[in-house]
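From a predicted model like this one, the values you see are computed outputs, not experimental measurements.
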Amino acid sequence: MGSNPAAGTPGGSESAVDWRRVSSLVVGQAAVQAGSFALLIAMSWTAVQLGGRGAVTVVTLAATVPRALLLLFGGALTDVLGPRAVLLRATSVRVAVLVAGALVVATTETLWPLVVIALVDGVLLGLTGPASGVLLPHLAPQDQLGRANSLFSMVLRLAPIAGAPLGAWLVVVGGLPVAMAAAALGCAVWLGCAAHVTRGMTRPERTGQGPSLVRRSGDGFRLLAAHPRLRWMFVACFAMDLAFLWPAEVALPLRASEQGWGVGAVALVLAAFSVGALASAALGAVLAHHIPPHVKLVLTGTGLAAGMGAMALVPSPGVLAATAAAVGLLSGLNGPALVTAYQQAVPDGRMGAAMSTFALSGIGAAPLSLALFTPVSLHLGVTGTWLLCAGLALLSPIAAAIALRSRKDAAPRTGELTRTAPEPTATTV
């Protein structure tokens, strides 16, 4: 990693986690994530009222496309300026944008303010995404990083659960202006927490004139090409995301409809999965550092693939929910372990670039999964395609096993990467 994580802990203990700052990170992210999901629901509903399906599409594209495009640039910016400068500046601007947006949408009932706000907000989220992603490795040493990631994953799972109904309620209470003001408040809470979390994280040292930021934006892909362990962990993460999304988003509601189970069955299955994942993530926050990597990455990944296959074949919604809970239990351990192993494989000084590519893969997995498996399902059917996704999920533990056998410090041949990658940096926490 680009710094000694323990440097920010009391006494500089190699095995200590700075739980105070980790707690600030979790609280701040809980506030901003819940506010963002509430805003997403509110903006989508308002867009429907203003222009129907076409308006929702425009607003969604305005929010997602710039975010995806700016992630790579945000990673390079984080490696150059450090996470503190990027987070505090961009988040301050985001608070101002949301407050101004709340005032504008309160005085007009047209679509264009929503598009502009979504566009600017997407740009800012793209810039800050990698900076947020590099914080935990600064706060926890490698042997404790799994615990911190397990705790953080609980926030990411709870945010949409809390944010979606919050957004619907805010729309009923006061419409989009109130939802936007609530999102601004959550963002302000995150700004204060980010200031505490990043205190002492200085700008990385410059060792000379390096490539431009635009050129550095491709460093994440060059890192994957140059470092086998990082590349295989990326494959493991991406394969699991790609395999999971179509069954959850498309196959589950289709099967419930075909079997006459009703929408309640869909809610029951998703809730069972979430409860299982939250329970094991909480367990991981306490015990993850005692569980061997092969168990967390390979055995749970294999179990996830088998569980997905079983979900495609079970005969009733009750059994499906029980199976989903078991899959969730495995996912709550496997997901944070994948992220942790990926972060641990990142070379020194390159965490921003690596996390930008990682975030981009997460965003890209959803549309790719839908585009890939939906037409396949026309030929294989829902059950056949669901089983195909389960087979694809097996690539994750296979890739993780290969990654664990690869040396972390495997480096490219001399001159292979140094011509284009930025020079090494050191961040002091």
Side-chain angles (χ1 to χ4, degrees), residues 1-5 7-9 18-36 39 63 66-67 69-102 117 119-140 148 152 155-156 159 180-206 213 216-217 343 349-356 358-359 422 425-429:
M1 241 75 66
S3 62
N4 177 12
T9 61
D18 192 341
W19 287 114
R20 287 193 304 169
R21 289 205 280 177
V22 169
S23 298
S24 289
L25 174 61
V26 169
V27 170
Q29 280 293 298
V32 72
Q33 294 277 356
S36 294
L39 180 61
R67 182 177 182 179
L69 294 177
L70 267 294
L71 277 172
L72 297 178
F73 185 80
L77 200 64
T78 298
D79 283 340
V80 172
L81 300 180
R84 181 176 177 85
V86 174
L87 281 174
L88 298 190
R89 294 173 188 177
T91 304
S92 298
V93 174
R94 189 173 182 230
V95 172
V97 168
L98 292 174
V99 170
I117 293 167
L119 184 69
V120 177
D121 200 42
V123 168
L124 293 171
L125 287 173
L127 289 176
T128 57
S132 300
V134 308
L135 294 178
L136 278 179
H138 283 295
L139 305 178
F152 188 65
V155 174
L156 299 183
M180 200 165 288
L185 178 61
C187 201
V189 171
W190 165 234
L191 178 62
C193 291
H196 173 238
V197 171
T198 61
R199 188 180 64 241
M201 295 186 187
T202 59
R203 177 171 177 159
E205 299 172 4
R206 300 192 64 176
L213 278 174
R216 288 176 185 241
S217 298
Q343 290 172 334
R350 306 291 177 81
M351 186 64 73
M355 292 307 293
S356 68
F358 183 80
T425 57
T427 304
T428 303
V429 180

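- Considering only residues two or more places apart in sequence or on other chains, Arg67 meets the side-chain hydrogen bond (donor to acceptor under 3.5 Å, both in side chains) condition with none of them.
- The side-chain heavy atoms of Val32 and Thr91, taken from C-beta on, include no pair separated by under 4.5 Å.
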Show every donor-acceptor pair shorter than 3.5 Å between a side-chain atom in residues 187-198 and any protein atom, with sequence neighbours excluded, or say none if there are none.
unit_1, atom_1, unit_2, atom_2, d
His196, ND1, Ser24, OG, 2.6
Thr198, OG1, Arg84, NH1, 3.0
Thr198, OG1, Ala194, O, 2.7

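- Here the closest non-hydrogen pair linking Ala181 and Ala102 is N-CB, 4.1 Å.
- If you take CG on Leu81 and OG1 on Thr202, they are separated by 12.0 Å, rounding to the nearest 0.5 Å.
- Among all heavy-atom pairs drawn from Pro137 and Val134, the shortest one is CD-O, 3.2 Å.
- A pairwise comparison of heavy atoms in Ala184 and Val99 identifies CB-CG2, 3.9 Å as the closest pair.
- Here the closest heavy-atom approach between residue Gly75 and residue Ser356 is recorded as CA-CB, 3.7 Å.
- Summarising the geometry, atom CG belonging to Leu127 is positioned 4.5 Å from atom CG belonging to Leu70; distances are rounded to the nearest 0.5 Å.
- Every pair passing side chain to side chain donor-acceptor pair (under 3.5 Å) that includes a residue from residues 120-136 is listed here, sequence neighbours excluded: Arg94-Asp121.
- The two atoms that bring Val86 and Ala131 nearest to each other are CG1-CB, 4.0 Å, heavy atoms only.
- The two residues Asp79 and Ala353 have their closest heavy-atom pair at OD2-N, 3.0 Å.
- Under the side chain to side chain contact (heavy atoms under 4.5 Å, CB included) test applied with Leu135, the options Met201, Met355, Met351, Arg21 reduce to a single match, Met201.
- Within the model, atoms CG of Asp18 and CG of Leu136 stand 11.0 Å from one another, a figure rounded to the nearest 0.5 Å.
- The line from OG of Ser23 to CG of Leu139 is 10.0 Å long, rounded to the nearest 0.5 Å.
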